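Structure first, then comments.
Small disclaimer: the values here were computed from a predicted structure and weren't measured. Proteins come first, then strands; the chains are lettered A, B, ... in the order of their sequence lines, and each starts at number 1. Any value given below was found using the heavy atoms of this structure, including those in side chains, with hydrogens, waters and symmetry copies removed.
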Number of protein chains: 2
Amino acid sequence: MSDTNTLVRDIEPSHDSCRAVSETLARIGDKWTVLVVGALSQGPLRYNQVRRAVDGISQRMLTLTLKGLEEDGLVSRTVYPTVPPRVDYELTELGRTLIVPLQVLHGWAMAHRPAMLAARAKFAESRAPGSQQPAFTTPK
Amino acid sequence: MSDTNTLVRDIEPSHDSCRAVSETLARIGDKWTVLVVGALSQGPLRYNQVRRAVDGISQRMLTLTLKGLEEDGLVSRTVYPTVPPRVDYELTELGRTLIVPLQVLHGWAMAHRPAMLAARAKFAESRAPGSQQPAFTTPK
DNA sequence: CTGAATCCACCAAGATACTG
DNA sequence: CAGTATCTTGGTGGATTCAG
């Protein structure tokens, strides 16, 4: 509606750091990346070894995740021209630095996840008490 | 439930611990949560204040994100029955504990994001130089 | 001002089958 | 063994509109 468009250049320099966190989270915060990194944190693994370590991942997602990690320089891919083919994946130096913040996150999760679950249960209870909610159950 | 499994050490964290990290990341690792938490980390804010602080977020996403955080007990919601209505959002004690791992993540991002970007650029160059590797794009 | 509700586009992700 | 190709689907998130 604003025709002349009051050029409100919303510069947010102070929250630029939050952007960095957000972008990083967008990279490593997907469904499988941390699990793959966790599996590789114990040492180099072959393709199917990673697959077995990360239970439930599909071939497609494993390939995509590994490719993304390789692209970001977090994982190195080594092909041995043998038969049958063998491909090793290993955390790079850069990738290993990720383990520390991941462990911090793990510590937080272990310490506060029960509280979060409790809060969620309490929240659900306050919204669906089961004792006072007519007009929805229609018992008749 | 064998009570003698106390020998399970952190050597194999890929089953339980990484799951916890993954689940936690699934909660706070979405597009806006960390930005909202970051905005609220400086103190309580009203709805539109958060909206302005987190530039680019839509009302829908802000509401959903805040509701999710409230449900998880990370953010408290205070309604002032005034006119016009006023709603304050504030990090709870639990929510404030999130700041620490977030700062760790921020530190990692600041330290290693350049390396990641460089690795990605290098990777892209090795794959699409335009001069070295012709016809790699599977001419169907 | 603070939401809720609806519609819709996009993409992550699973399943499956095929290749080298 | 180590991937790739294709189809399909469910969820995420954006834009817009309505309501208290």
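Per the geometry, CZ belonging to A/Arg52 stands 12 Å off C1' belonging to D/dA2, to the nearest Å. Distance CG (B/Asp30) to C1' (D/dG14): 15 Å, rounded to an integer number of Å. Look at CH2 on A/Trp32: it is 9 Å from P on C/dA13, rounded to the nearest Å. For the pair B/Ile57 CD1 and C/dG3 P, the interatomic distance rounds to 13 Å; values are reported in whole Å. Distance, B/Tyr89 OH to C/dC1 C1': 11 Å, rounded to whole Å. The separation between B/Lys67 atom NZ and C/dA4 atom C1' is 8 Å, rounded to whole Å. Counting to the nearest Å, the P atom of D/dC1 and the OH atom of A/Tyr47 are 12 Å from each other. In this entry the distance linking NZ of B/Lys31 with C1' of C/dC11 reads 12 Å, nearest Å.
Nucleic acid contact class of A/Arg60 (heavy atoms, under 4.0 Å, all strands): base. Within the nucleic acid shown, A/Arg51 has no heavy atom closer than 4.0 Å to any nucleic acid atom. Backbone-only engagement by A/Arg46 is indicated by non-hydrogen atom pairs under 4.0 Å involving sugar-phosphate atoms exclusively. B/Tyr80 comes within 4.0 angstrom of nothing in the nucleic acid, heavy atoms only. Residue A/Thr63 is classed as a base contact, given a heavy-atom separation below 4.0 Å to a base.
A salt bridge is absent between B/Arg77 and B/Glu90: the closest approach of a Lys/Arg side-chain nitrogen to an acidic carboxylate oxygen does not fall below 4.0 angstrom. Classification of A/Glu93 and A/Arg96 as a salt-bridged pair holds, one side-chain N sitting under 4.0 Å from a carboxylate O.
Judged by distance alone, the side chains of B/Trp108 and A/Thr24 never bring a donor and an acceptor atom under 3.5 Å apart.
A residue-by-residue look at A/Leu64 and B/Gln49 shows that B/Gln49 has its nearest nucleotide of DNA chain C further toward the 5' end.
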Practice problem: Show the numbers, then the answer: is there a side chain to side chain donor-acceptor pair (under 3.5 Å) between A/Thr78 and A/Tyr89? | Solution: CA-CA 6 Å; A/Thr78 308; A/Tyr89 291 93; over 6 Å; no
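Proximity of a side-chain donor or acceptor of A/Thr33 to a complementary backbone N or O of A/Asp30 within less than 3.5 Å is not detected.
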